[in-house]
Amino acid sequence: MRSKRIPFLDLAQQYRSIHHEINSAIRGVVRSGIFIGGPQVTAFEREFSAFVGVDFCVGVGNGTDALEIAIEALQLEPNSEILIPANSFIASSEAVTRSGHRVKFVDVEPDTHLVDFAHAESLVSSSTKAIIIVHLYGRPVSYSAVKQFAAKCGLIIIEDCAQAHGASSGGRSVGTYGDIAAFSFYPGKNLGAYGDAGAVLTSNFDLAKRVRMIANHGRVDKYDHIFEGRNSRLDSLQAAILRVKLQHLRKWMEKRSAVAGHYFSLLSGTDDLILPRCPPSEEHAYHLFVIQTIRRDELKDFLSRRGIESGVHYPHSLPTLEAYRYLEQSDATPVANGLAGNILSLPMGDHLTKRQVKRVATAVREFHTEYQKS
Ligand SMILES: *Cc1c(COP(=O)(O)O)cnc(C)c1O
């Protein structure tokens with residue numbers, strides 16, 4: 001008998017587990033006739049800022065906008081240089097260019113896959129004004145490393161928390177490290193809406209106010225605009241859905257953590273396989289469980305033949321993308337460029353049973369045994 005496919009992500013299953021609450025939240029919004037702004041958005045902003053531990057949360061249209069609006073609100077000198085890790089999703093760097101600034105790619109550390117601060121320090125010049133810290137895969141960048149770097153280089157700290165809702169380092173929640181933070185609630189993220197959604201978080205009152213104005217046509221009143229902004233708002237339906245899901249997030253994080261624990265116990269000691277070890281002082285949100293192997297493509301095919309979905313995040317480092325060839329920065333990021341060929345994201349999420357995790361791990365081990373024989 002063929003066993004069922006193990007999906008990388010299963011949002012329909014998650015919905016089935018909370019459908020009563022979700023349906024009632026959606027019905028409530030539709031019945032209220034309030035679709036933009038209103039009590040659901042205000043309540044979500046309050047609840048999510050409390051969850052993260054900052055004073056202000058402004059809901060916006062998506063995570064990419066959140067980054068772009070956050071950068072714009074900082075009012076940096078035009079054409080400032082902003083440091084950004086070479087291993088991330090393109091949204092992190094798009095936000096820099098689209099807000100009128102220059103991208104400078106920083107290499108990553110081979111073990112954490114996160115920003116290499118020694119390299120970052122060597123790149124700082126008089127036109128460097130900020131750094132975007134990306135808590136990639138849900139792994140928090142070390143808070144003490146960020147503070148040390150900030151003290152030395154005096155840059156503005158922007159956090160890209162799109163993959164790391166609820167993660168923390170030394171008890172410090174991501175989104176509270178620096179000046180301003182961006183979150184995404186894209187459906188597949190750890191806290192996902194049923195469409196596009198995002199938020200900007202900060203404890204700086206003036207910044208929060210400017211973010212809200214930029215995201216809503218620069219308005220202070222219905223038809224009173226003090227500058228040109230744009231339209232990027234969190235809608236009421238998404239806010240109501242996110243409020244329901246936020247209540248379950250801690251439980252889902254524990255589930256992800258348990259999945260990671262099973263992978264560790266079943267996969268450690270496998271030759272030629274590097275697992276994403278995280279020190280106990282850091283709470284990893286396990287958006288993704290990324291392993292490293294030099295035979296990545298063969299392993300991915302092997303798993304697929306056994307009905308196991310996997311992913312690659314990301315198959316190209318940012319500086320090597322066609323979109324950034326003009327910058328000619330790929331020589332400076334050899335670690336990130338190399339990792340792109342060796343990383344594989346195994347199925348991860350609250351949808352997985354212990355049995356399924358075991359099936360994945362067994363298949364990974366089988367692959368390595370077979371390979372050694374050949
Ligand atoms: C998803 C993601 C974004 C962008 O979020 P969207 O809501 O899809 O626009 C930004 N940065 C990282 C690291 C992401 O994973």
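Atoms within each ligand, like the ligands themselves, are counted from 1 in listed order. For this chain, numbers begin at 1 and follow the sequence in order.
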Note to self: Can you report which non-hydrogen protein atom sits closest to atom 15 (O) of ligand 1, along with the distance?
What the structure shows: Gln163 NE2, 2.8 Å
Notebook entry, point to check: Going by the atom numbers of ligand 1, which of them fall below 4.0 Å from some non-hydrogen atom of Ala162?
Noted result: 2 (C), 3 (C), 10 (C), 11 (N), 12 (C), 14 (C), 15 (O)
Checklist line | For atom 9 (O) of ligand 1, the protein heavy atom that lies nearest, with its residue and separation | finding: Thr64 OG1, 2.5 Å
Check: In Å, rounded to the nearest 0.5 Å, how long is the span from OG of Ser317 to OH of Tyr324?
Finding: 11.5 Å
Margin query: Regarding ligand 1, does Asp196 bring an N or O atom to under 3.5 Å of one of the ligand's N or O atoms?
Written below: no
Check: Would you call the rings of Phe8 and His313 parallel, tilted or perpendicular if under 30° counts as parallel and over 60° as perpendicular?
Finding: parallel
Checklist line | Within the 6.0 Å centroid threshold, strictly below: Phe44 and Phe51 | finding: no
Check: For the residue pair Phe185 and His165, does the interplanar ring angle fall in the parallel (under 30°), tilted (30 to 60°) or perpendicular (over 60°) class?
Finding: tilted
Checklist line | Option set Asp160, Leu67, Ile132, criterion heavy-atom distance to atom 11 (N) of ligand 1, minimum | finding: Asp160
Notebook entry, point to check: Going only through I, L, V, M, F, W and Y residues with side-chain contacts under 4.5 Å, is there a path from Ile90 to Val108?
Noted result: yes
Margin query: The test is side chain to side chain contact (heavy atoms under 4.5 Å, CB included); show your working for Tyr194 and Ile22 and say whether it passes.
Written below: CA-CA 10 Å; Tyr194 290 168; Ile22 292 281; 3.7 Å; yes
Next item on the list: Check each atom of ligand 1 against the heavy atoms of Ala91 and keep those under 4.0 Å away; list them by number with element.
Entry: 3 (C), 4 (C), 10 (C)
Notebook entry, point to check: Does some non-hydrogen atom of Lys189 fall short of 4.0 Å from ligand 1?
Noted result: yes
